[in-house]
Amino acid sequence: MNTDSPQDYFKLILLTVVRGAFEAAGYALTDSPTQHAGGLFRFRKALDDGLFAFIEFQHLHYVEGSPSRFRVTLTRTDNAGGAASDHPAYVRKTLSELVVRDFGVAILPSADHWWTFQNVDQMGKALGEAGHLVVGYGMPYLAGDLVP
């Protein structure tokens, strides 16, 4: 994997941290070099009843000395590409919104949380925290097994 760009490096660390758990749960990173170059990394899983679940990491890289950040968005839709839908089971929300507002767990500073980092150690820890929350809250929520 080429790690010349900040997005390539983020992808490398993201996959190092979450790939095992996400793949074990049936999620796979979509192959979209254009989206990856823009900082969007989308994991997809086919659910029952023609639905699809998406876990998106949106990474915003800043210049050296300023923190970079990412947020996680969860989507359940009947659209295989992840687009919005009129389906009654359609949902789209950030992971922090689900955890803090919907479930009332104050583990994050706000329902509009972005994980920030300035170095690879902080990035790994932030991705680890987000990954744990995705596995504990996001995946069961998207599957319909955990309802706020």
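Starting from 1, each residue takes its place in the sequence as its number. From a predicted model like this one, the values you see are computed outputs, not experimental measurements.
- Judged by distance alone, the side chain of His113 and the main-chain N or O of Leu95 form no donor-acceptor pair under 3.5 Å.
- With Ile55 as the partner, the side-chain contact (heavy atoms from CB on, under 4.5 Å) test is satisfied by one option alone out of Leu142, Val18, Leu29: Leu142.
- Remark: Arg92 engages Glu56 in a salt bridge, criterion side-chain N to carboxylate O under 4.0 Å.
- Note: Phe117 CZ to His61 NE2 = 8.5 Å, rounded to the nearest 0.5 Å.
- For the pair Ile13 and Val120, the tightest heavy-atom approach, listed with the atom from each and the gap, is CD1-CG2, 4.0 Å.
- Below 30°, between 30° and 60°, or above 60°: for Phe57 and Phe10 the angle between ring planes is between 30° and 60°, a tilted geometry.
- Two residues are said to be in side-chain contact when any heavy atoms from C-beta on lie closer than 4.5 Å; Phe22 and Leu14 fail this criterion.
- Within the 4.5 Å cutoff, no side-chain heavy atoms of Tyr137 are placed close to those of Asp102.
- Of all non-hydrogen atoms in Ser110 and Ser96, the two that sit nearest each other are O-CB, 3.7 Å.
- Under the 3.5 Å distance criterion, with hydrogens and angles disregarded, no donor-acceptor pair is assigned to the side chains of Ser85 and Asn79.
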**OP:** Carefully, step by step, assess Leu51 and Tyr90 under the rule side-chain contact (heavy atoms from CB on, under 4.5 Å).
**Re:** CA-CA 9 Å; Leu51 296 173; Tyr90 171 79; over 6 Å; no
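- To the nearest 0.5 angstrom, His59 atom NE2 is 10.5 Å from Arg69 atom CZ.
- Hydrophobic cluster membership is shared by Leu108 and Val135, with clusters built from Ile, Leu, Val, Met, Phe, Trp and Tyr side chains linked at under 4.5 angstrom.
- Distance check, rounded to the nearest 0.5 Å: OG of Ser5 to NE2 of His36 gives 11.5 Å.
- Closest heavy-atom contact between Ala84 and Thr77: C-OG1, 4.4 Å.
- Distance check: Phe43 CZ to Leu15 CG gives 5.0 Å after rounding to the nearest 0.5 Å.
- Within a 6.0 Å radius of CG in Asp31, other residues, nucleotides and ligands contribute 12 heavy atoms or fewer.
- The structure places CG of Leu74 at 9.5 Å from CD of Glu97, a figure rounded to the nearest 0.5 Å.
- Considering CG of Leu40 and OG1 of Thr30, their distance stands at 7.5 Å, rounded to 0.5 Å.
- Classified by interplanar angle (parallel below 30°, tilted 30° to 60°, perpendicular above 60°), the ring pair Phe70/Trp115 is parallel.
- Nearest heavy atoms, Ala89 versus Arg76: O-NE, 2.8 Å.
- Shortest non-hydrogen contact noted between Ser66 and Tyr62 is CB-CB, 3.9 Å.
- Side-chain heavy atoms closer than 4.5 Å link hydrophobic residues (I, L, V, M, F, W, Y) into clusters, and following such links, even through other members, never connects Val134 to Phe54.
- A side-chain donor-acceptor contact under 3.5 Å links Arg42 to the backbone of Gly81.
- Taking each heavy atom of Pro148 and Leu98 in turn, the nearest pair found is CG-CD1, 4.2 Å.
- Put simply, the side chain of Lys45 gets close to the backbone of Ala25: a donor and an acceptor are under 3.5 Å apart.
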